[in-house]
Asker: 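Please read through the structure below; I'll follow up with questions.
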Amino acid sequence: MSNRQNTRILVTSALPYINGVKHMGNLAGSMLPADVYSRAMRLLGHEVLYICATDEHGTPAELAAAETGLSVSEYCDKMHEAQKAAGANFKLSYDYFGRSSSEATHRLTQEFAIALEANGFIEERTSQQVYSVADRRYLPDRYVEGTCPNCGFESARGDQCDNCGKLLDPVDLINPYSAVSGSHDVEIRDTNHLYLKQSDMSGRLRDWVETHRADWPALTTSIAIKWLDEGLRDRAITRDLSWGVPVVDADGKVRAGFEGKVFYVWFDAPIAYIGATRDWAKETGGDWEKFWRLDKGAEDTRYIQFMGKDNVAFHTLSFPTTIMGSGQPWKLVDELKAFNWVTWYGGKFSTSQKRGVFMDKAIDIAPSDYWRWHLMANAPESSDAAFTWEDFQASVNSDLANVLGNFVNRITSYCVKKFDGAVPAGGSITEAEKWLEAELDERLPRLVEFYEAREFRKAMAETRAIWAAGNEYLTQAAPWTHYKSDVDQAAMGVRVGLNLVALFGVLAQPIIPDAAEKILAAMSIPEENRTWNFRGGESCMNALPIAHPVSAPPVLFTKIEADDIDAWTERFGGAG
RNA sequence: GGUGAGGUAGCUCAGCUGGUUAGAGCGCAGGACUCAUAAUCCUGAGGUCGAGAGUUCAAGUCUCUCUCUCACUACCA
């Protein structure tokens with residue numbers, strides 16, 4: 001493990017939309033795994049840059065702002081800070097949490113569009129769109145409602161009827177009205193938009209996706225191939241809105257006929273990955289180009305994207321079309337990690353029906369470590385994963401409190417009581433130490449492999465198994481039994497046990513950073529000794545110097561009681 | 001409707017290119033221990049791998065049909 005090459009790694013997680021605080025499923029499906037991965041890679045000595053940002057444009061932001069009485073810009077300022085704070089509460093270790101509304105992203109978006117048009121990948125076309133006279137705005141399909149021509153349902157949305165499920169075109173709705181104001185004064189107008197000619201890129205996209213069949217998860221490639229098989233359609237990348245990136249010509253002036261139009265959020269949102277990196281560079285003096293420009297060192301960067309499955313098409317097809325079509329040496333993603341959904345007792349999260357927990361409330365209920373551990377140990381990697389309070393309780397009580405917390409407590413407090421809180425010398429190697437060494441030699445490399453492969457459930461299970469091995473070792477070594485007749489031999493068990501506490505703290509860092517910090521502080525482990533330079537089980541068992549001071553940390557994990565579950569179910573909904 | 005993913009012990013899930021008695025954690029039962037957050041450790045019970053058919057010396061693993069669940073279906077993001 002010692003001769004691993006240090007790599008430069010760029011990590012991005014799908015941009016959370018500006019409206020509202022995200023629920024635990026959003027956290028589990030992109031930001032949290034990206035964070036755990038970034039932390040692990042940093043510990044392994046890699047150069048990691050983890051970038052995320054709020055996705056701020058689009059109709060929903062405009063409407064939400066109007067409801068609060070704030071300007072869109074003020075509203076976004078406020079919500080950006082709220083999301084930033086929520087991320088901080090969950091200890092998301094972004095190197096930079098930017099905004100798609102930043103100057104850098106605006107300029108890049110415009111530059112990409114100009115380059116794409118010069119290369120023939122953008123075309124101006126006319127389409128029909130519903131315009132609401134009362135609202136003085138064009139309405140996205142789902143903001144137009146009316147009677148379903150198929151089943152007669154009276155409040156069918158323009159994109160799909162909630163009653164019969166049929167896909168609709170808003171133009172076909174009978175008696176259409178604006179979902180924003182309820183006004184029936186709506187009309188169909190012709191409007192010009194820029195289209196990204198994804199169809200012309202199909203061949204190159206397919207070749208590129210095919211080369212990754214082996215190293216991308218099946219979830220990722222199957223979705224991309226599905227879209228390609230159905231035939232990529234050209235996609236409008238502008239909208240009739242005022243809040244967003246203006247459409248300009250090469251001279252920087254608004255494009256003729258595009259007054260009152262901006263780029264579609266899904267054109268500029270992924271570009272915000274680059275924009276946010278530039279903003280990071282501006283703020284820190286870092287070099288953004290070595291992460292993004294192939295001609296400036298990005299050939300040596302490994303770029304990994306984290307996202308929910310709904311985002312796969314945009315990251316495997318649309319954004320790559322933008323990158324490839326620009327004809328410029330931009331970095332394409334190397335590896336994608338896509339997640340399924342976390343469901344709420346098998347159903348959907350729903351704010352209106354009080355079903356589900358959102359990041360701001362979740363942190364009031366339980367410490368971030370609890371959520372981080374449970375969501376990663378039960379990550380929706382191969383299929384949707386059901387969240388239940390009972391499972392949450394089991395993860396926290398069994399894995400964190402009983403296996404890890406109790407281990408740390410039992411051996412540190414014993415050391416304080418019997419060995420004056422100092423790592424004791426003495427004793428000889430027994431079967432117990434040999435067993436433990438073999439166990440660590442097998443499990444530590446495997447753990448690292450799981451992290452590198454971004455197999456989160458397996459990495460968590462392996463971590464837990466290592467913690468459990470500590471308890472098993474203590475049972476075998478039984479220092480409390482030896483203490484009665486052979487204090488030196490008891491010292492052996494205590495010393496190795498304390499080394500395990502330090503090791504467990506080191507291993508816990510990417511997942512449960514707060515608890516890890518408490519453990520490492522109680523063990524007085526200096527910063528430079530907290531990295532993942534494992535040199536085999538034997539050295540892990542003898543890392544602490546003799547007489548090194550040790551204290552017993554306060555209870556690390558308070559258990560979740562049945563009463564808590566009842567109260568939370570009452571407050572947030574559950575099986576009922 | 002189309003497409004994709006999934007249906008493996010009571011629960012949540014592993015099982016790579018098919019190969020001895022199908023695995024883990026939780027839960028459950030019994031035992032051990034007493035340093036510890038009534039914790040921990042050991043042992044055990046529990047599955048005809050959604051249904052049916054086929055290919056093969058051999059299928060949870062490949063093919064087909066059926067069935068159930070979930071997701072996506074391009075102007076929500």
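Only heavy atoms go into these numbers, but all of them, side chains included; no hydrogens, no water, no symmetry mates.
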Asker: So which nucleotide does rG47(B) pair with, by the Watson-Crick or G-U wobble rule with both distances under 3.5 Å?
Answerer: none

Asker: Who does rG2(B) pair with, Watson-Crick or G-U, both distances under 3.5 Å?
Answerer: rC72(B)

Asker: Where the side chain of Asp391(A) is concerned, which of rC11(B), rC76(B), rA74(B) is the nearest nucleotide?
Answerer: rC11(B)

Asker: Of the nucleotides rC13(B), rC41(B), rA36(B), which one has an atom closest to the side chain of Ala385(A)?
Answerer: rC13(B)

Asker: Quick one: does Glu472(A) reach the base of rC42(B) with a side-chain donor-acceptor pair under 3.5 Å?
Answerer: no

Asker: Remember a base hit wins even if backbone is also touched, and classify Trp227(A) as base, sugar-phosphate or nothing at under 4.0 Å, heavy atoms.
Answerer: base

Asker: For rU34(B), which nucleotide in any strand shown is its Watson-Crick or wobble partner with both distances under 3.5 Å?
Answerer: none

Asker: From rC13(B), rA71(B), rC41(B), pick the nucleotide closest to the side chain of Lys309(A)?
Answerer: rA71(B)

Asker: If I take atom CH2 in residue Trp467(A) and atom P in nucleotide rC41(B), what distance separates them, rounded to the nearest angstrom?
Answerer: 14 Å

Asker: Can you check whether Lys226(A) has a side-chain N or O nearer than 4.0 Å to OP1 or OP2 of rG2(B)?
Answerer: no

Asker: Select base, sugar-phosphate, or nothing to describe what Glu390(A) touches, counting heavy atoms under 4.0 Å on all strands.
Answerer: nothing

Asker: Compare the minimum distances between each of rA77(B), rC41(B), rC35(B) and the side chain of Asp55(A), then state the nucleotide with the smallest one.
Answerer: rA77(B)

Asker: Can you check the Lys458(A) NZ to rA24(B) C1' distance for me, whole Å?
Answerer: 12 Å

Asker: Taking the side chain of Pro60(A) as its heavy atoms from C-beta onward, which of rA77(B), rA71(B), rC70(B) lies nearest to it?
Answerer: rA77(B)

Asker: Would you measure the distance from the P atom in rG19(B) across to the matching atom in rC28(B) and give it in whole Å?
Answerer: 35 Å

Asker: Give Asp310(A) one of three labels, base, sugar-phosphate or nothing, depending on what nucleic acid heavy atoms sit under 4.0 Å from its own.
Answerer: base

Asker: Does the pair Phe97(A) and His80(A) meet the rule for a ring-ring contact (aromatic ring centres under 6.0 Å, His included), with working shown?
Answerer: CA-CA 9 Å; Phe97(A) 187 64; His80(A) 174 79; 5.2 Å; yes

Asker: Can you tell me how far C1' in rU48(B) sits from the matching atom in rU21(B), rounded to whole Å?
Answerer: 15 Å

Asker: With P as the reference atom in both, quote the distance from rG10(B) to rG6(B) in angstrom, rounded to an integer.
Answerer: 22 Å

Asker: Does a nitrogen or oxygen in the side chain of Tyr264(A) sit under 4.0 Å from OP1 or OP2 of rA77(B)?
Answerer: yes

Asker: Between rU40(B) and rG25(B), how many Å separate the two P atoms, rounded to a whole number?
Answerer: 13 Å

Asker: Report yes if at least one side-chain N or O of Arg464(A) is closer than 4.0 Å to OP1 or OP2 of rA24(B); otherwise report no.
Answerer: no

Asker: Check every strand shown and say whether Val555(A) touches a base, only sugar-phosphate, or nothing at a heavy-atom separation below 4.0 Å.
Answerer: base

Asker: Checking all strands, does Gly231(A) fall into the base, sugar-phosphate, or nothing category for heavy-atom contacts under 4.0 angstrom?
Answerer: base

Asker: Quantified in whole Å, what is the P atom distance between nucleotide rC13(B) and nucleotide rG2(B)?
Answerer: 28 Å

Asker: Between Arg454(A) and Glu452(A), does at least one N-O distance fall below 4.0 Å, as a salt bridge requires?
Answerer: no

Asker: Would you indicate what Ser395(A) reaches in the nucleic acid, counting non-hydrogen atoms under 4.0 angstrom: base, sugar-phosphate, or nothing?
Answerer: nothing

Asker: Nearest nucleotide by nearest heavy atom, which residue falls closer to the 5' end of RNA chain B, Asp399(A) or Gly405(A)?
Answerer: Asp399(A)

Asker: Taking the six-membered ring for Trp, are Tyr273(A) and His315(A) ring centroids under 6.0 Å apart?
Answerer: yes

Asker: What contact category does Ala401(A) fall into here, base, sugar-phosphate, or nothing, at under 4.0 angstrom with non-hydrogen atoms?
Answerer: base

Asker: Tyr473(A) has an atom OH; how far is it from atom C1' of rC35(B), in whole Å?
Answerer: 13 Å

Asker: Whole angstroms only, please: what is the CE-C1' distance between Met31(A) and rA77(B)?
Answerer: 14 Å

Asker: Is Asn406(A) touching bases, backbone alone, or none of the nucleic acid, heavy atoms closer than 4.0 Å?
Answerer: base

Asker: Could you tell me whether Trp389(A) and His374(A) have their ring centroids closer than 6.0 angstrom?
Answerer: no

Asker: What is the distance, to the nearest angstrom, from the CH2 atom on Trp389(A) to the P atom on rC11(B)?
Answerer: 22 Å

Asker: Which class fits the ring pair His193(A) and Phe258(A): parallel under 30°, tilted 30 to 60°, perpendicular over 60°?
Answerer: perpendicular

Asker: Between Arg443(A) and Glu439(A), does any side-chain N to carboxylate O distance fall below 4.0 Å?
Answerer: yes

Asker: Carefully, step by step, assess Glu381(A) and Lys337(A) under the rule salt bridge (charged side-chain N to carboxylate O under 4.0 Å, His left out).
Answerer: CA-CA 9 Å; Glu381(A) 285 182 301; Lys337(A) 177 74 178 180; 3.0 Å; yes

Asker: Measure from the ring center of Phe392(A) to the ring center of Trp371(A) and say whether it is less than 6.0 Å.
Answerer: yes

Asker: Nearest whole Å is fine: how far is rC41(B) C1' from Gln476(A) CD?
Answerer: 9 Å

Asker: Expressed as a whole number of Å, how far does the C1' atom of rA5(B) sit from that of rG46(B)?
Answerer: 29 Å

Asker: Which listed nucleotide (rC75(B), rA77(B), rC76(B)) is nearest to the side chain of Phe314(A)?
Answerer: rA77(B)

Asker: Would you mind classifying the nucleic acid contact of Phe557(A) as base, sugar-phosphate or nothing, using non-hydrogen atoms under 4.0 angstrom?
Answerer: base

Asker: For rC16(B) versus rC26(B), give the span between their C1' atoms, rounded off to a whole number of Å.
Answerer: 26 Å

Asker: At under 4.0 Å between heavy atoms, what does Phe407(A) touch on the DNA or RNA strands: base, sugar-phosphate, or nothing?
Answerer: nothing

Asker: Report the distance from atom CD of Gln129(A) to atom P of rA74(B), rounded to the nearest whole Å.
Answerer: 14 Å

Asker: Using 30° and 60° as the class limits, which term best fits the ring planes of Phe339(A) and Phe306(A): parallel, tilted or perpendicular?
Answerer: parallel

Asker: What nucleotide among rA74(B), rA77(B), rC35(B) has an atom nearest to a side-chain atom of Lys417(A)?
Answerer: rC35(B)

Asker: Under 5.5 Å centre to centre and under 30° between planes: does that hold for Tyr414(A) and the six-membered base ring of rC35(B)?
Answerer: no

Asker: Quick check for you: among rC33(B), rC75(B), rU37(B), whose closest atom lies nearest to any side-chain atom of Arg239(A)?
Answerer: rC75(B)

Asker: Taking the six-membered ring for Trp and the single ring otherwise, decide whether the centroids of Tyr138(A) and Tyr131(A) are under 6.0 Å apart.
Answerer: yes

Asker: Report yes if at least one side-chain N or O of Arg410(A) is closer than 4.0 Å to OP1 or OP2 of rC35(B); otherwise report no.
Answerer: no

Asker: Using the glycosidic torsion, which applies to rG46(B): syn (within 90° of 0) or anti (everything else)?
Answerer: syn

Asker: Under 4.0 Å between a side-chain N/O of Lys559(A) and OP1 or OP2 of rA38(B), yes or no?
Answerer: no

Asker: Remember a base hit wins even if backbone is also touched, and classify Ala465(A) as base, sugar-phosphate or nothing at under 4.0 Å, heavy atoms.
Answerer: nothing

Asker: rU40(B), OP1 or OP2 - any side-chain N/O from Asn402(A) closer than 4.0 Å?
Answerer: yes

Asker: Check every strand shown and say whether Ile411(A) touches a base, only sugar-phosphate, or nothing at a heavy-atom separation below 4.0 Å.
Answerer: nothing

Asker: What is the separation between atom CG on Leu228(A) and atom C1' on rC72(B), rounded to the nearest whole Å?
Answerer: 15 Å

